[in-house]
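Written out below as structure tokens is the structure these notes cover.
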Amino acid sequence: MLTLVIGNKNYSSWSLRPWIYLKQRGIAFDEVNVSLYQGDYKAQLARYTPAGKVPVLVDGAATVWDSLAILEHLSERYPDKPGWPAAPRARALARSVSAEMHAGFQALRQNLCMNVRKVYPWRPVGAANAWPPEVSTEVARIEAAWEQCRALRSGDGPFLFGQYSIADAMYAPVAWRLQGYSVPLGPGATAYVEAMLALPAMREWQAAAVAEPITLPQFER
Ligand SMILES: N[C@@H](CCC(=O)N[C@@H](CS)C(=O)NCC(=O)O)C(=O)O
């Protein structure tokens with residue numbers, strides 16, 4: 001049995017990625033929840049990973065940490081449930097947009113913290129408390145990347161490449177962020193966000209986030 005160690009469901013965007021992937025793929029796992037930034041949480045994490053961060057996957061003798069490494073591991077481990085699209089061009093694009101998400105979008109991450117419980121009004125450029133313009137630049141880049149993925153999709157599924165892939169898992173927290181900060185989006189991105197948030201597994205994550213007793217002021221806006 002796999003064990004996935006994750007943080008607070010309300011705030012831990014990195015934790016959501018492998019969790020939602022496992023759920024969407026129908027792969028059974030045990031869950032260990034660590035309440036981040038509380039008490040001895042670093043000592044709890046140190047039991048699983050020298051990196052001291054969530055998510056961590058324990059798969060028998062193998063321990064994998066870092067969201068993208070975990071997703072790659074799962075794709076190899078369950079070859080009947082591949083993580084990447086089959087067509088080479090789509091696969092190359094899926095890898096690129098996943099790595100782009102993993103390494104980038106700093107303005108979005110820092111300003112629009114994932115906070116599943118909340119919906120805030122949008123803060124447009126020009127408003128007194130406007131988000132920095134980099135946020136809108138990054139949102140436009142995400143919309144363009146999603147459009148490029150959808151152009152290479154196979155089948156008629158709602159996911160970036162038609163069938164579910166690692167790319168959808170990597171962008172899952174972005175769906176909460178775009179909705180949670182009422183970010184204005186074009187019709188393609190709106191449809192994708194709505195479809196992702198309606199997934200039963202996303203609803204399950206949301207219900208658990210709402211039920212969590214902990215509030216972390218540093219991530220509240
Ligand atoms: N690049 C890592 C980032 C992991 C990360 O920053 N996790 C955060 C929670 S979302 C964490 O564990 N924070 C606790 C800490 O830094 O002490 C990944 O992809 O998994």
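We count ligands from 1, going down the list as the structure has it; atoms in each ligand are counted the same way.
Residue-ligand proximity, Lys42 to ligand 1, at heavy-atom distances under 4.0 Å covers atoms 15 (C), 16 (O), 17 (O). Here is the list of ligand 1 atoms found below 4.0 Å of a heavy atom in Leu36: 9 (C). Atoms of ligand 1 found under 4.0 Å from any heavy atom of Pro55 (numbered from 1 in listed order, with element): 20 (O). Each of the atoms 1 (N), 19 (O) of ligand 1 lies under 4.0 Å from some heavy atom of His102. Of all atoms in ligand 1, listed by their number and element, those nearer than 4.0 Å to a heavy atom of Ser67 are 18 (C), 19 (O), 20 (O).
When hydrogens are left out, the protein atom nearest atom 10 (S) of ligand 1 is Ser12 OG, 3.1 Å; that is the closest non-hydrogen contact. Residue, atom and distance of the protein heavy atom nearest to atom 1 (N) of ligand 1 are Asp66 OD2, 3.1 Å. In terms of protein heavy-atom proximity, atom 16 (O) of ligand 1 is closest to Lys53 NZ, 2.8 Å. Protein heavy atom in closest approach to atom 5 (C) of ligand 1: Trp14 CD1, 3.3 Å.
Ligand 1 has a nitrogen or oxygen under 3.5 angstrom from a nitrogen or oxygen of Val54.
Close placement of the Trp14 and His102 rings is indicated, their centers lying within 6.0 Å of each other. Taking the six-membered ring for Trp and the full ring otherwise, Phe161 and Trp84 have centroids separated by 6.0 Å or more.
In this structure, Gln24 and Ala201 approach most closely via the heavy-atom pair OE1-CB, 3.8 Å. The shortest non-hydrogen separation linking Leu160 to Asp168 is N-OD1, 2.9 Å.
Here Tyr37 has side-chain heavy atoms under 4.0 Å from ligand 1, and that is the only part of it that gets that close. Of all the heavy atoms of Tyr11, none lies under 4.0 Å from any atom of ligand 1, so neither backbone nor side chain is involved.
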Stepwise, does the side-chain hydrogen bond (donor to acceptor under 3.5 Å, both in side chains) test hold for Gln218 with Tyr11?
CA-CA 10 Å; Gln218 64 269 44; Tyr11 302 107; over 6 Å; no
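At least one donor-acceptor pair closer than 3.5 Å links the side chain of Glu212 to the backbone N or O of Lys9. Listed for the Asn111 side chain is no donor-acceptor partner under 3.5 Å among the backbone atoms of Val135.
When the shell of 6.0 Å around CD of Glu76 is examined, it contains 12 or fewer heavy atoms from other residues, nucleotides or ligands.
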